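Data block below; observations after.
This one's a predicted model, so the numbers in the text were calculated from it and none came from an experiment. Along the sequence shown, residues carry numbers from 1. Only heavy atoms go into these numbers, but all of them, side chains included; no hydrogens, no water, no symmetry mates. Read the numbers this way: they start at 1 and go in the same order the structure lists the ligands and their atoms.
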Amino acid sequence: MRKPIIIANWKMYKTRAEASAFCQAFLPLIEGQEKVEAVICAPFTQLDVLASELKGSGVGFGAQNFYPVAEGAFTGEVSLPMLQEIGVQYVIIGHSERREIFHEDDSLIQQKVQAAYAAGMQPILCVGEHLEQRDNGQTVSVCSGQMLSAVEGLTEEQMKTLIVAYEPIWAIGTGKTATAADAEEVIGALRQAIAEKYGREVADCVRFQYGGSVKPENISELMAQPDIDGALVGGASLKPESFSQLILYK
Ligand code: PEP
C-alpha cells in the first residue's frame, strides 16, 4: 500500500518569520490527520526554523537543492551532511527550474540521486517535458529517459523507496494543469518503464506525484487516479489554508 505524499515546494519565497507564521497557522489545520505524508521543502535559510516549528508534528521538511559532495571548494553550495545536521530528510532533485535555469544535466542529477541514497535521505526526483515535446508525442520517452538515467545504479531496495514527481514544464506555475487522465497516462507509463527494468514488485512500491498547478479544486480528481500517489505543489503550498486543503483532500 503506497502512502499518499503531498509536498510543498516553496521555491524562493518566504522569510524566516513568514515560515514560522506559516507553520503556526498550518499545523492546527491538519492536526490529527494521518492519511497523507506531508512535507515542506523550503529555502536553506528556513530549514532550521522548520526543524523547530515542525518538531513532533509528523510533518517532514526538505531542501530544494544540494551539491553531491560532502565538503570541499564548492563556493555557494550546501552538502547533504550540512542538511542532515539540522534534521533535513527529503531533497528535491531535478526540478525543471534547476534543469533549465541552472543547467543541471542528467549526469549531475544521477550523482545527486546516488548521493542522497548513500546519505540515507529521501530523494524526490522530478521529471517533465516541454510543451513542444508533448506536442511531438515525446512525453513518455523524455520523462522515462530522465527517470531511468537518474536511477541508474540503484539497488532494488533503494528503488522501492523512490519518489518521482511528474511535472510537465508547461503546467508549472502557469495555471494550466494536465488533466487527471493525462497525468495518469504518463505516470502509468513511467511505472511500466520501472516494471520492465526492475520488475513489477519494485514498480508497485515507487510513489509517483503529479506537479503543475495543483490546487484545492483539482487535487481530489488527481488523487483518485490509480497510479498517482501524491502531489508536488508550488503556488498553492504558500498559504496555510490552501496547503491544508490539499492535505485534507477527500
Ligand atoms: C513546482 O514548483 O514544482 C510546481 C508544480 O509549481 P506550481 O504548483 O506553482 O505549478
- line: So ring pair (Phe, Tyr, Trp, His ring centres under 6.0 Å) across residues 217-250, not counting sequence neighbours, yields Phe26-Phe243
task: Mind checking ring-ring contact (aromatic ring centres under 6.0 Å, His included) for Trp10 and listing every partner two or more places apart, or none if nothing turns up?
output: Phe22
message: Going by the rule salt bridge (Lys or Arg N to Asp or Glu O under 4.0 Å), which residues pair with Arg99 if we only count those two or more places apart in sequence or in a different chain?
response: Asp106
field: Salt-bridge present (Lys3, Glu37; N to O < 4.0 Å)
entry: no
message: Does Asp204 form a salt bridge (Lys or Arg N to Asp or Glu O under 4.0 Å) with Arg191? I'd like the steps, not just the answer.
response: CA-CA 8 Å; Asp204 283 344; Arg191 196 182 295 286; 5.2 Å; no
query: What residues sit with at least one heavy atom under 4.0 Å from ligand 1?
result: Asn9, Lys11, His95, Glu167, Ala171, Ile172, Gly173, Gly211, Gly212, Ser213, Leu232, Val233, Gly234, Gly235
SG on Cys41 to CD on Gln64, rounded to 0.5 Å: 6.5 Å
